[in-house]
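The next block holds one structure in the form of structure tokens; read it before the comments.
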Amino acid sequence: MDPILIFGHRHPDTDSICSSIALANLKKELGEEAIPCRLGEINNETRFVLDYFKIDTPKFLKTVSAQISDLTRVEKKVLSVNDSLKGALDTMTEENFSSLPVIDENRQLKGMLHVSDIANTYLNLDHCDLFTKYTTTFENLMNVLKGDIVSGVYPSGIITGNLKSISELDEVSKGDIVVTTYLADGIDRSIKAGAKVIIVSCSEEDFISPRVTSECAIMRVHSNLFKIISLISQSLSVSSIIPKEKFYSFKIDEFLHDIKDIMKEATQTNFPVTKKDGTVYGTIRTKNLINFTRKKVILVDHNEKEQSVDGLQDAKILQVVDHHKFGNFITDEPVKINAEIVGCTSTIIYDLYKAARVVPSKEIAGIMMSAILSDTLLFKSPTCTEKDIEAVRELSKLCGEEDFESFGMKMLIAGTSLKNMTSQEILSIDMKEFTMNGVKISISQINTVDIQGVLEKKKDFEDIMNINNEIHDYSLSILIITDIIKSGSYFLAIGDKQNLLEKAFDVKLENNIVWLNGIISRKKQVVPVLMVTSQNLD
């Protein structure tokens, strides 16, 4: 059974990462397989927390789009290079496949064989050079003829001799395969000439006396000569007629949306799929793309598609745990939602632990405490509630960090270090995208104690924000630079809709920037005000 993938938003903060880890741990405690994931690089603050409590960074999740491996039906039938043409044709007829992949002894893909390739081979066969122009084995010959060995030792391996019929007995050479009747003269003459195998056409009533010879095998076949010759041509190995033309094949981890158009435009109808080691996994057709097993996911600390993983439309959302507003959240089936008006998602997850009567370990308690301290800016954020504060008090005891204020300050200081970070990286630390009354906006936020150091990068920020506006069609990009000591923020705004910010907070931008005292929460103090103002924006 596939595990549940649990992740936060695309620009993960400490709450997003720690909530994913904590909830995945709870699911495991309750007997479910779950994996915490991240949709982006973790920031310095989160790195400090994970290192402090000795917890591994969640794996990076690029997409949950459906892959070939998720398809509910993949045809597993394949052909071997050693199969006879008859065997190949029987397989394709039984399975109603016009073509199938051909594999070697190690299941490596060697080509694609179509029914028409077999038909064309039959039409152009010249029995005189059957075994010199084409390859087959004594095993294939026996399988298609279904004969009985009267005397001698039947050989194995690849046939190297020529095929001779009853009319060519005078031309038989050593190692040839001879087709004759039950007349004694034809059998004995062929043995004397050095034939490797003598195929005797006879009825069930005909008696073929054994010969004292080990170098020549005598096989009786209950069919007429014409039928036997036809069957022999069907014994040719698939390897002899594999077309040289190029064809499409896919890897098992390729995404359905990437291969859909290729399959639609291609002339072939069946497409081989290989595993990472090159072995053949199976064959798919266009109609197979309709049904696939959707990856099971849980969203934490977000609910909007724009902030989530690529391919979310292909996934099965089991649950959402969030403390943000719900915007364009639409699902095609019921979803369990745990949402509360609190300052941090980890506060809600801690409630889920208590409801399940599971006591979190020291490490898990520590990261949940850290997430709450981070999201509430040590309880200074207006989003902070008494429930957040009480959760921190309880979790601090479980993790052994009862002086949580001291720990929290160390964490925030570690997180505000922007050393060795580019301006683009700083803008991307915690960036979220919003659409307000048709206006597309990007809002980034950083918390720091080094305000002056950040403001020195102002020109770089402006250049990058201008480029982002053009690339992503933003009407406004805002960078909130929050001073965690003074409990206020600088707002750097770039774009055609700067007046949205000015009107919302009744301020005037000077050289694209303004200080807003007491404004530190994007979620509670910034986004709602901009939303309301956008409704009346000219």
Side-chain angles (χ1 to χ4, degrees), residues 1-65 67 294-305 307-312 314-324 335-339 342 344-356 358-375 391 395 398-399 411 415 429-430:
M1 199 168 184
D2 292 332
I4 301 169
L5 305 176
I6 304 179
F7 49 84
H9 45 78
R10 293 191 182 195
H11 300 282
D13 56 11
T14 300
D15 184 27
S16 178
I17 295 294
C18 294
S19 291
S20 301
I21 297 171
L23 185 56
N25 181 77
L26 176 59
K27 294 294 181 183
K28 292 176 186 176
E29 291 287 339
L30 298 176
E32 297 182 75
E33 189 178 355
I35 299 175
C37 303
R38 58 184 173 87
L39 306 187
E41 294 301 321
I42 62 173
N43 59 38
N44 290 337
E45 179 185 280
T46 308
R47 169 58 60 201
F48 172 86
V49 171
L50 296 184
D51 288 346
Y52 191 90
F53 291 104
K54 296 179 173 59
I55 291 181
D56 293 334
T57 303
K59 76 167 189 173
F60 176 71
L61 184 65
K62 183 178 181 180
T63 179
V64 290
S65 290
Q67 298 169 278
R294 296 191 291 168
K295 293 179 175 66
K296 296 176 292 185
V297 303
I298 294 177
L299 314 186
V300 298
D301 200 32
H302 75 294
N303 62 75
E304 297 193 43
K305 181 181 177 182
Q307 298 176 12
S308 199
V309 69
D310 287 338
L312 189 62
D314 289 344
K316 180 180 178 62
I317 303 175
L318 302 180
Q319 185 178 3
V320 177
V321 184
D322 196 12
H323 67 129
H324 297 94
V335 175
K336 183 177 183 180
I337 295 177
N338 300 95
V342 290
C344 180
T345 307
S346 283
T347 301
I348 305 173
I349 292 176
Y350 181 47
D351 264 355
L352 297 179
Y353 269 86
K354 291 194 284 188
V358 175
V359 178
S361 66
K362 174 182 176 180
E363 294 75 18
I364 298 299
I367 63 172
M368 284 195 286
M369 176 196 73
S370 302
I372 300 170
L373 291 173
S374 171
D375 250 24
L395 290 167
L398 290 174
C399 73
M411 177 190 69
I429 288 175
D430 186 9

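FYI, the numbering just counts along the sequence from 1. No experiment lies behind these values; they were computed from the predicted model shown.
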Checklist entry - Okay, side chain of Tyr350, backbone of Ala365: is any donor-acceptor separation there less than 3.5 Å? => result no
Checklist entry - Do the ring planes of Phe7 and His302 sit parallel (below 30°), tilted (30 to 60°) or perpendicular (above 60°)? => result tilted
Next on the checklist: Let me confirm one number: the NE2-OG distance from His9 to Ser16, rounded to the nearest 0.5 Å.
Outcome noted: 4.0 Å
Checklist entry - Is the backbone of Ile364 close enough, under 3.5 Å, to the side chain of Ser361 for a donor and an acceptor to pair up by distance? => result yes
Next on the checklist: What I want to find out is whether Lys305 reaches Asp310 closely enough, with some N-O distance under 4.0 Å, to be called a salt bridge.
Outcome noted: no
Item to check | Non-hydrogen atoms of Cys18 and Ala371 that approach each other most closely | outcome: CB-CB, 4.0 Å
Checklist entry - At what distance, to the nearest 0.5 angstrom, does NZ of Lys296 lie from CD1 of Ile35? => result 11.0 Å
Checklist entry - Minimum heavy-atom separation for Ile372 to Leu395, with atom names? => result CD1-CD1, 4.0 Å
Checklist entry - Are the side chains of Phe53 and Cys399 in touch, meaning some heavy atoms are under 4.5 Å apart? => result yes
Checklist entry - Of the non-hydrogen atoms in Ser65 and Asp314, which two are nearest, and what is the gap between them? => result CA-OD2, 3.6 Å
Next on the checklist: How long is the straight-line distance from CD of Glu41 back to OG1 of Thr46, given to the nearest 0.5 Å?
Outcome noted: 11.5 Å
Next on the checklist: In the structure I gave you, are the side-chain heavy atoms of Gln319 and Asn338 within less than 4.5 Å of one another anywhere?
Outcome noted: yes
Checklist entry - Side chains of Thr345 and Asp15: do they bring a donor and an acceptor to under 3.5 Å? => result yes
Checklist entry - So how far is it from Lys336 NZ to Ile317 CD1, rounded to the nearest 0.5 Å? => result 15.5 Å
Next on the checklist: Is there a side-chain contact between Ile6 and Val297 in this structure, where contact means two heavy atoms from C-beta onward sitting under 4.5 Å apart?
Outcome noted: no
Checklist entry - Do any N or O atoms from the side chain of Arg38 and from the backbone of Pro58 form a donor-acceptor pair under 3.5 angstrom? => result yes
Item to check | Verdict with reasoning, Thr57 to Leu50, per side chain to side chain contact (heavy atoms under 4.5 Å, CB included) | outcome: CA-CA 7 Å; Thr57 303; Leu50 296 184; 3.9 Å; yes
Checklist entry - In this structure, are over 12 heavy atoms from other groups packed under 6.0 Å from Lys354 atom NZ? => result yes
Checklist entry - Is the shortest heavy-atom distance from the side chain of Leu318 to the side chain of Val335 under 4.5 Å? => result no
Next on the checklist: Regarding Asp301 and His323, do their side chains bring together a donor and an acceptor under 3.5 Å, going by distance alone?
Outcome noted: yes
Checklist outcome for this item: Shortest non-hydrogen pair, Ile348 vs Val342, comes out as CG1-CG2, 3.7 Å
Checklist entry - For Val359 and Leu398, what are the C-alpha separation, side-chain angles and deciding distance, and is it a side chain to side chain contact (heavy atoms under 4.5 Å, CB included)? => result CA-CA 9 Å; Val359 178; Leu398 290 174; 4.1 Å; yes
Next on the checklist: What's the separation between atom CD1 in Ile42 and atom CZ in Arg47, rounded to the nearest 0.5 Å?
Outcome noted: 3.5 Å
Next on the checklist: Walk me through whether Ile349 and Met368 qualify under side chain to side chain contact (heavy atoms under 4.5 Å, CB included).
Outcome noted: CA-CA 8 Å; Ile349 292 176; Met368 284 195 286; 4.0 Å; yes
Checklist entry - Checking side chain to side chain contact (heavy atoms under 4.5 Å, CB included) for the pair Tyr52/Ser370: CA distance, chi angles, key distance, verdict? => result CA-CA 10 Å; Tyr52 191 90; Ser370 302; over 6 Å; no
Checklist entry - So, do Leu23 and Ile298 sit near enough that their side-chain heavy atoms are less than 4.5 Å apart? => result yes
Checklist entry - What is the minimum heavy-atom distance between Leu39 and Ser308, and which atoms define it? => result CD1-C, 3.7 Å
Checklist entry - CD1/Ile429 to CG/Asn43 distance, rounded to the nearest 0.5 angstrom? => result 6.5 Å
Next on the checklist: Are Ser374 and Glu45 packed together at the side-chain level, in the sense that at least one heavy-atom pair is separated by less than 4.5 angstrom?
Outcome noted: yes
Item to check | Note, Asp375 side chain near Asp13 side chain (heavy atom, < 4.5 Å) | outcome: yes
Item to check | Heavy-atom pair of closest approach, residues Arg294 and Lys316 | outcome: CB-N, 3.9 Å
